[in-house]
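Letters A, B, ... are given to chains in the order of the sequence lines, protein chains preceding strands, and every chain is numbered from 1.
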Protein chains: 2
Amino acid sequence: MTRETAKVSAEGHPLGFAQHDHSTCMNDALAAADARCEEDGLRFTPVRRKVLEILLQDHRALGAYAILDKLREDGFGSQPPIAYRALDFLVANGLAHKIERLNAFIACADTNHAHTPAFMICRLCNAVAEELSSSARNALHEVARATGFKIERTIIEAEGICPSCINKTES
Amino acid sequence: MTRETAKVSAEGHPLGFAQHDHSTCMNDALAAADARCEEDGLRFTPVRRKVLEILLQDHRALGAYAILDKLREDGFGSQPPIAYRALDFLVANGLAHKIERLNAFIACADTNHAHTPAFMICRLCNAVAEELSSSARNALHEVARATGFKIERTIIEAEGICPSCINKTES
DNA sequence: AGACGAAATGTAATAACATGACAAGAGAGA
DNA sequence: TCTCTCTTGTCATGTTATTACATTTCGTCT
Ligand SMILES: [Zn+2]
Ligand SMILES: [Zn+2]
Ligand SMILES: [Zn+2]
Ligand SMILES: [Zn+2]
């Protein structure tokens, strides 16, 4: 998690490893979150909003303590529960996801989908892409039904090398 | 991870949540590990063997420090690296798996298969079943190919309630 | 407006998980 | 036997996450 953490939209790959207008992407996500919380009667407080903003800065997973550092810089509290509570809220309401492989968190790339997506994690540049359709999840439910196991949550993560990094190493 | 950690083969569910002869299961696994290490020129040292035995005690995931406690009881070293190194060995050679969701480890239920299975984790009794065929993994590889992402490892875990615990709560 | 209860935050302390670094020992091959 | 490599012992430290409790904020009811 000591990798550079600056914005990288300019160099190309994040958000599904595809180039995109990042400021738009970020504004849209925040607006969607605002709307969503309004609608559901959730309290989108300053810390919670700030944490989502931090996560939206880049499409990478950030550890709770990295988030905490940024919160401190912006004058928020700096004890672990501050970050963990905000993250719990965001995760519980589908605005962020936890990447178990990394013990880290990422902003949701599309708050308008049926949740529990799959993630693809680049071990070189740390970018994380959210795969929404996820036929893998369906396959998993199939298996579970056969076993009599009642699934409450699925964790599907692939670790490897993203298209952008493949190109770099080939050159 | 503070749940009771005693053997439970008698009460039924683990190992794919199915009843089975646990002492046979354990002996077979150790024998297979012996053979495997012999064959591949790996050094199946006392600590490594002991850690595998500990994991085989029950089909539950155990944290590294829980393992460490048991190692201490049996007169082995008790510093974290002792356990982590043995676990690294077992995982690297397919004799154990790490459950990312729990930050814990489990003995492999079948050393004779092509690895990276899916896991089903019971949140009530902490039992973990290893799903070998895993069509979910294939589905994931499909998606990755389409994206140009090169998968090196997959993590597929389902959290929920096992058949045995479903029965208990219904009664 | 004032009182109240629920939700959110501030803060200190601690638990749980994991690695780095280096010295000492055991094993395999020249 | 020498030497190289892998393994183990041990101390120290780093990273991730939770418990506990006091305080504040906010909506709701009177
Ligand atoms: Zn999402
Ligand atoms: Zn990459
Ligand atoms: Zn296995
Ligand atoms: Zn169960």
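Under 3.5 Å, the side chain of Tyr65(A) and the base of dA17(D) form at least one donor-acceptor pair of N or O atoms. Counting atom types as modelled, Arg85(B) pairs a side-chain N or O with a base atom of dG9(D) as donor and acceptor under 3.5 Å.
Between the CG atom of Leu68(A) and the C1' atom of dT15(D) there is a distance of 13 Å, rounded to whole Å. In this structure, Tyr84(B) places its OH atom 19 Å from C1' of dT7(D), rounding to the nearest Å. Atom CZ in Arg43(A) sits about 10 Å away from atom C1' in dT24(D), given to the nearest Å. Rounded to an integer number of Å, the gap from CZ of Arg48(A) to P of dG10(C) is 11 Å. Atom CG in Leu42(B) sits roughly 19 Å away from atom P in dT5(D) (whole-Å rounding). As rounded to whole Å, 18 Å separates atom P of dA15(C) from atom CG of Asn103(B). Distance CD1 (Ile82(B)) to P (dG9(D)): 4 Å, rounded to an integer number of Å.
For the pair Pro81(A) and Ala86(A), nearest-nucleotide mapping onto DNA chain C gives the more 5' position to Ala86(A).
Taking the ring axis of Phe44(B) as reference, the NZ or CZ atom of Arg49(B) does not stay both within 45° of it and closer than 6.0 Å to the ring centre.
Contact check, Lys98(A) against dA17(D): a side-chain N or O comes under 4.0 Å of OP1 or OP2.
Below 30°, between 30° and 60°, or above 60°: for His97(B) and His115(B) the angle between ring planes is between 30° and 60°, a tilted geometry.
A donor-acceptor contact shorter than 3.5 Å links the side chain of Glu157(B) to the backbone of Arg101(B).
Classification of Glu53(A) and Lys50(A) as a salt-bridged pair holds, one side-chain N sitting under 4.0 Å from a carboxylate O.
The listed nucleotides are dA18(C), dC11(D), dA12(C); the one nearest the side chain of Gln79(A) is dA12(C).
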